[in-house]
Amino acid sequence: MSASRESCQTCLSTRLIKVTAKTSEYCLVEMAGQRRLGSVPNDMNIGGDEYLEFQYCLDCGQVQGRFPLPTTQLERQLESARR
């Protein structure tokens, strides 16, 4: 861990927690009542491939990252399935 402390992008608290987990190829993502099983999506600010990685604030609960996100691959797949 580096000596400099990051702060929450919303409330400026330094009580941030970073979560990293290896999922292999078993990541269940649910959106709009639809489920997708596979690798961690690369375009949702939660990691990618075999790793689930995200950071959030223990004071306000804000997930850290750049938002809003562009339309994700999963959303495009769901939209195509509805047609």
Side-chain angles (χ1 to χ4, degrees):
M1 208 174 245
S2 65
S4 66
R5 296 188 80 173
E6 294 181 58
S7 60
C8 175
Q9 64 195 46
T10 300
C11 73
L12 304 178
S13 170
T14 57
R15 296 185 65 220
L16 297 178
I17 185 164
K18 183 175 184 178
V19 177
T20 302
K22 185 170 182 177
T23 66
S24 295
E25 288 293 317
Y26 190 84
C27 179
L28 180 64
V29 176
E30 187 171 338
M31 177 182 253
Q34 300 292 316
R35 291 182 175 180
R36 176 192 159 281
L37 181 63
S39 58
V40 176
N42 288 311
D43 57 355
M44 293 186 179
N45 280 347
I46 58 169
D49 302 318
E50 292 187 358
Y51 291 93
L52 185 64
E53 297 179 286
F54 60 92
Q55 189 173 27
Y56 72 96
C57 178
L58 293 173
D59 281 330
C60 72
Q62 174 69 47
V63 175
Q64 305 298 294
R66 293 179 184 220
F67 296 97
L69 294 173
T71 303
T72 65
Q73 182 179 359
L74 179 58
E75 289 172 299
R76 288 189 295 274
Q77 290 170 350
L78 292 174
E79 184 61 32
S80 293
R82 283 187 221 136
R83 293 180 183 170

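Every heavy atom of this structure was used, including side-chain atoms; hydrogens, water molecules and symmetry mates were not.
- For residues 64-73, no pair satisfies salt bridge (charged side-chain N to carboxylate O under 4.0 Å, His left out), with sequence neighbours left out.
- To the nearest 0.5 Å, the span separating SG on Cys57 from CD on Glu6 amounts to 12.0 Å.
- Considering every non-hydrogen atom in both Phe54 and Ile46, the closest pair reads CB-CA, 4.4 Å.
- With a 4.5 Å cut-off on side-chain heavy atoms, Gln64 and Cys8 count as touching.
- For the side chain to side chain donor-acceptor pair (under 3.5 Å) condition, the pairs that include at least one residue of residues 70-80, sequence neighbours left out, are Thr72-Glu75, Glu79-Arg82.
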* Step-by-step side chain to side chain contact (heavy atoms under 4.5 Å, CB included) determination, Asn45 to Val63 -> CA-CA 9 Å; Asn45 280 347; Val63 175; 5.6 Å; no
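- Legend: residues meeting side-chain hydrogen bond (donor to acceptor under 3.5 Å, both in side chains) with Ser7, ordered by chain and number and at least two apart, are absent.
- One finds the CD atom of Glu25 at 7.5 Å from the CG atom of Asp49 (value rounded to the nearest 0.5 Å).
- Interatomic distance, OH of Tyr51 versus OG of Ser39, reported as 13.0 Å (0.5 Å rounding).
- Residue pairs meeting the side chain to side chain donor-acceptor pair (under 3.5 Å) criterion with at least one partner in residues 26-37, sequence neighbours excluded, are Glu30-Arg35.
- Annotation: side chain of Asp43 is not in contact with side chain of Leu69 (no heavy-atom distance under 4.5 Å).
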Side-chain donor-acceptor distances from residues 13-21 under 3.5 Å, at least two apart:
from, atom 1, to, atom 2, distance (Å)
Ser13, OG, Arg15, N, 2.9
Ser13, OG, Asp59, OD2, 2.6
Arg15, NH1, Asp59, OD1, 2.6

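- Between Val40 and Gly47 the shortest heavy-atom distance is CG1-C, 3.9 Å.
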